[in-house]
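Here is the structure we will look at, set down as structure tokens.
Each chain gets a letter, A, B and so on, in the order its sequence line appears, and its residues count up from 1.
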2 protein chains.
Amino acid sequence: MSAATETPKPNLLELLWRAAPETGRGPRKGLTVDEVVAAAIGLADAEGLDAVTMRRLAQSLGKATMTLYTYVPGKTELVALMIDSLFTAMTMTPVEGRPWREGLAAVARDNYALYRAHPWAAAASPGRPPLGPGQCAKYEHELRALEGLGLGDVAMDDALAYLLAFVRTAAQDAAQSEAEREATAMTDHEWWQANGPLLAKVLDTERFPVAVRVGQAAGEAHDAAYDAEHAFAFGLERTLDGLAAIIPG
Amino acid sequence: MSAATETPKPNLLELLWRAAPETGRGPRKGLTVDEVVAAAIGLADAEGLDAVTMRRLAQSLGKATMTLYTYVPGKTELVALMIDSLFTAMTMTPVEGRPWREGLAAVARDNYALYRAHPWAAAASPGRPPLGPGQCAKYEHELRALEGLGLGDVAMDDALAYLLAFVRTAAQDAAQSEAEREATAMTDHEWWQANGPLLAKVLDTERFPVAVRVGQAAGEAHDAAYDAEHAFAFGLERTLDGLAAIIPG
DNA sequence: TCGTACGTTGTACAATATACAACGTACGAA
DNA sequence: TTCGTACGTTGTATATTGTACAACGTACGA
């Protein structure tokens, strides 16, 4: 075999950009990468990322398990493709020409909505996603909310990464507390009845005066369901205030 | 059997506070919960949380796999115990009486150091950890950095949660980028040589003018190793500026 | 027309958490 | 002192997981 002929295992970047060289030999492909990714997203949305096993995914597509490996080198790459696909399809509220604070708030809310709609993505997406088409379009769009404010290029990137990290974490925490609440087959009353005595014994105000006082106040203020949304609203204002400190004018 | 006799499966809270009722019947226990947790932490520190399997952990303790289930109801609870143990042992820089900004910066740095030393904990610890002894002591200590500043109790809790979420995410992103760099058996030069042509084709400045410009500047400014620490330093200042907006005076 | 590149698939394997039952230890009551 | 039993320990077993491998058949290019 010549060196030019050997098929290099498809790179993640090539896959993201759908730049795999087609050879035309052998049987026709029965699926496309997009179909596989779309089915995987549907499964993850419906039952969580844990439900996306190669077996179940293949079954939902009417193919054998190992067939998937024709389209995707492995599960890691599949998840990367799923996330980039989300980015490609996400709603991006127009931000250009608006006051910077409004624009960044819109960016944050779009991201929050995305991760709340697809909680598995918040947990799986890394701080710096690979440069797929979705990520690039998203990055371009979001940077424009920071363009023309007098920030240097590096500061623009820093600021955006900072904002996005906050949103992703907020959405992740929200999803997690929601999941815990659903998983616990216990009402708040039952939980307190079960754990109250121990906590009362152990949380004495001698050792933890501030913690007990503040914890009680916080617990009463937010009912658990509202907690996450409150944290997002609070954090968003703080984050924008923090960025204001480096934005001239 | 009478209802009073049945042994209720040990609660996570009881376990955290080591409040399991001792009966004294049957053979002596060959281990303690603390030994199990300490061994698990050692394993996680050395080889990551994935290496902490019930088999390997039991083996490192010289016991059979299922023996662990005498000490811990399951792996979920084990991880919670590991994290609370970390909290108990973490260094807590004194903060009382110092200017609030210094105190909060110290809190942030202590947390960052903890999660950088135990990267698995950053990934595994939830936004609101269970009320174990470690978490309670930590919460008490950290709240004191916010005490007496004119904030209401609820705002104190909000502010602390906001700061800690930032730190945890920053440490997590740092660990992840570090892990990726080590896992990739490729120098930056090799990577660019492999992926450069595709990226050059696909990242045209027509579609992504701002992204290409800013991305290039950011890429050149931070070499990957320094990137994470820079993001933490940048984000910490922004976070403190953001909190300054709600701290009177 | 035919060789071969490649899509498809069944089987196989190593690894996971943990359910279950057998076994033996040592305490508490007699 | 004796004996029943609560409980610590352990081996085996099961349902899952991702994916390596080899057999098989299809359809393009020479």
Side-chain angles (χ1 to χ4, degrees), chain A residues 1-10 12 15 20-33 35-36 40 43-44 47-82 120 124 183, chain B residues 1-10 12 15 20-33 35-36 40 43-44 47-82 120 124 183:
Chain A
M1 76 184 92
S2 75
T5 309
E6 67 187 6
T7 309
K9 155 189 306 194
L12 174 57
L15 214 55
E22 302 225 4
T23 62
R25 289 290 274 273
R28 302 281 163 72
K29 289 203 161 199
L31 294 170
T32 63
V33 175
E35 284 174 297
V36 172
L43 206 46
E47 302 184 43
L49 196 54
D50 285 347
V52 182
T53 70
M54 300 305 264
R55 279 171 237 272
R56 282 204 60 184
L57 180 56
Q59 193 176 13
S60 83
L61 289 162
K63 296 284 176 179
T65 306
M66 291 310 291
T67 303
L68 296 181
Y69 289 88
T70 312
Y71 299 91
V72 158
K75 193 172 185 180
T76 313
E77 291 83 356
L78 173 63
V79 174
L81 287 166
M82 292 166 67
W120 51 270
Chain B
M1 76 185 92
S2 75
T5 310
E6 64 187 8
T7 309
K9 154 189 310 196
L12 173 56
L15 214 54
E22 302 225 2
T23 62
R25 289 289 275 274
R28 301 282 163 72
K29 289 204 161 198
L31 295 171
T32 63
V33 175
E35 284 174 296
V36 173
L43 207 46
E47 303 185 42
L49 196 53
D50 284 349
V52 182
T53 70
M54 299 306 262
R55 277 173 240 272
R56 283 204 60 183
L57 180 56
Q59 193 176 12
S60 83
L61 289 162
K63 296 284 176 179
T65 307
M66 293 309 293
T67 303
L68 297 181
Y69 289 90
T70 312
Y71 300 90
V72 158
K75 192 170 186 182
T76 313
E77 291 83 356
L78 173 63
V79 173
L81 286 166
M82 293 165 67
W120 51 270

Verdict with reasoning, A:L68 to A:L61, per side chain to side chain contact (heavy atoms under 4.5 Å, CB included): CA-CA 9 Å; A:L68 296 181; A:L61 289 162; 4.0 Å; yes

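Between A:T23 and C:dA5 there is no side-chain N or O to OP1 or OP2 distance below 4.0 Å. Phosphate contact (OP1/OP2 of D:dG8, side-chain N/O of B:T70, threshold under 4.0 Å): absent. Taking side-chain N and O atoms only, A:R28 has no distance below 4.0 Å to OP1 or OP2 of C:dT8.
Here the P atom of nucleotide C:dA26 and the NZ atom of B:K29 are 15 Å apart, to the nearest Å. With rounding to whole Å, A:E77 atom CD is found 12 Å from D:dG18 atom C1'. For A:Q59 and C:dG10, the CD to C1' distance is 15 Å, given to the nearest whole Å. If you take CG of B:L31 and C1' of D:dC7, they are 15 Å apart, rounded to a whole angstrom. In this structure, A:E22 atom CD and D:dC28 atom C1' are separated by 14 Å, rounded to whole Å. Between A:L57 atom CG and D:dT19 atom P there is a gap of 12 Å when expressed in whole angstrom units. The interatomic distance linking A:R25 (CZ) with D:dG25 (C1') rounds to 15 Å, in whole Å.
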Walk along nucleotides 14-20 of chain C from 5' to 3' and tag each nucleotide B, S or - by protein heavy-atom contact under 4.0 Å, base first, then sugar-phosphate. --BBBBB

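Listed here is the closest heavy atom pair of A:L57 and A:S60: O-OG, 2.9 Å.
Within 6.0 Å of atom CD in B:E35, more than 12 heavy atoms from other residues, nucleotides or ligands are found, so the atom counts as buried in its surroundings.
The residue among B:G26 and A:G26 whose nearest nucleotide of DNA chain D is located toward the 5' end is B:G26.
In this structure, B:V52 and B:V79 have side chains that are not in contact, with every pair of non-hydrogen atoms separated by 4.5 Å or more.
Residue A:K63 has its side chain nearest to C:dT9 when only C:dT9, D:dC28, C:dG24 are considered.
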